[in-house]
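Here is the structure we will look at.
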Amino acid sequence: DVCSSDLATAIASDLKNAKDFAAAAKSKNLEVKSTELIARGAAIPDIGISEDVDKVAFALPQGGVSDAIVTPTATAIVRDVTAERGREGALARERERLAALLSSSGAIIYATRLPDLAIEYVSNSILTVLGYTAEETAVPGFWESAVHPEDRERVRTAVFERAASAGLDEEYRVVRPDGSVVWVRDRGYPVRDPATGGTLRVVGTARDVTARRAAQEALDRKSTRLNS
């Protein structure tokens, strides 16, 4: 981060000791800007090319903060953010890998808030599995209305009595927008408030098990005929 202000020299020590450099700089009415000094001689916003800034910046340890550097156009304080950028890049890569994994798994990943059953998050695979968009699930009461009427009370009971305590493993029917019915296996786990121990939400996965249910029903019918 490069700060430009005539006051930088006087308050450089305060910024060095600040836990949040950007917030501390702004509280002092300093302008905070970020730039990547990937090579000596690179231009810096509002400063231009400065050998003095280069010399200090490339000598800083990771996370280090410099003393005030006076240039012809501004007084600057430099902070090394190499480690922070590295963590941000690693986090972005992990998110990309997770998104790819979720997309290829075929499972719907969700987070449902209690007690109103509002869907706080749902993966885009819900469109492929159930025919609904993630945006449609944001409508209050969506999930209960999508569950087949004959299964609705059973699922509600399962969520509040089992998922909110030990976990949920339930199979039930969901009605797609076109009226067709999909059987899903819903496995959810409670997320608790660390202060009270109460259940804040249920997170889990829902998979399409329609084909397996149909095969089992066909096998059951065949077995019944053979035994009759």
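Computed from a predicted model, the values in this text were never measured in an experiment.
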CZ-CZ distance between Arg207 and Arg185, expressed to the nearest 0.5 angstrom:
9.5 Å
Report the distance from atom CG of Asn124 to atom CD1 of Ile108, rounding to the nearest 0.5 Å.
11.0 Å
Is there a donor-acceptor pair closer than 3.5 Å between any side-chain N or O of Glu161 and the backbone N or O of Ala158?
no
Going by atom types only, do Arg187 and Thr205 share a side-chain donor-acceptor pair under 3.5 Å?
no
For atom CD of Glu51, is the number of surrounding heavy atoms from other residues, nucleotides or ligands below 6.0 Å larger than 12?
no
Between Pro190 and Thr199, the two heavy atoms sitting closest are CB-CG2, 3.9 Å
Value rounded to 0.5 Å, distance of CZ in Arg201 from CZ in Arg113:
8.5 Å
In terms of relative ring orientation, are Trp143 and Tyr172 parallel, tilted or perpendicular, with 30° and 60° separating the classes?
perpendicular
In short, Ala107 meets Ser123 closest at the heavy-atom pair O-OG, 3.8 Å
With salt bridge (Lys or Arg N to Asp or Glu O under 4.0 Å) as the criterion, how do Asp52 and Lys55 come out once you've worked through the C-alpha distance, each side chain's angles and the decisive distance to 0.1 Å?
CA-CA 5 Å; Asp52 292 334; Lys55 182 178 179 180; over 6 Å; no
State the CD1-OG1 distance between Ile126 and Thr133, to the nearest 0.5 angstrom.
8.0 Å
For a quick test of reading the model, state the closest non-hydrogen atom pair linking Leu117 to Arg156 and the distance between them.
CD1-NH1, 3.5 Å
Non-hydrogen atoms of Arg152 and Glu144 that approach each other most closely
NE-O, 2.6 Å
Using a 3.5 Å distance criterion without hydrogens, assess whether the side chain of Thr210 forms a donor-acceptor pair with backbone atoms of Trp183.
yes
For Gly198, does its backbone N or O pair with a side-chain atom of Thr196 as donor and acceptor, under 3.5 Å?
yes
Would you check if Leu114 and Val202 make a side-chain contact, meaning some heavy-atom pair closer than 4.5 Å?
yes
Correct closest heavy-atom pair for Arg176 and Leu130 would be CG-O, 3.2 Å
Quick one, His148 and Val181 - any side-chain contact, counting heavy atoms below 4.5 Å?
yes
Output the distance between atom CZ (Arg173) and atom CD (Glu150), rounded to the nearest 0.5 Å.
4.5 Å
Please determine whether residues Val129 and Phe142 belong to a single hydrophobic cluster, defined as Ile, Leu, Val, Met, Phe, Trp and Tyr linked transitively by side-chain heavy-atom distances below 4.5 Å.
yes
Can you confirm whether Tyr121 sits close enough to Ile109 that some side-chain heavy atom of one is under 4.5 Å from a side-chain heavy atom of the other?
yes
Verdict with supporting geometry, Glu171 and Val209, side chain to side chain contact (heavy atoms under 4.5 Å, CB included):
CA-CA 8 Å; Glu171 292 189 4; Val209 295; 4.3 Å; yes
Is Phe160 close to Pro115 at the side-chain level, that is, under 4.5 Å between some pair of heavy atoms?
yes
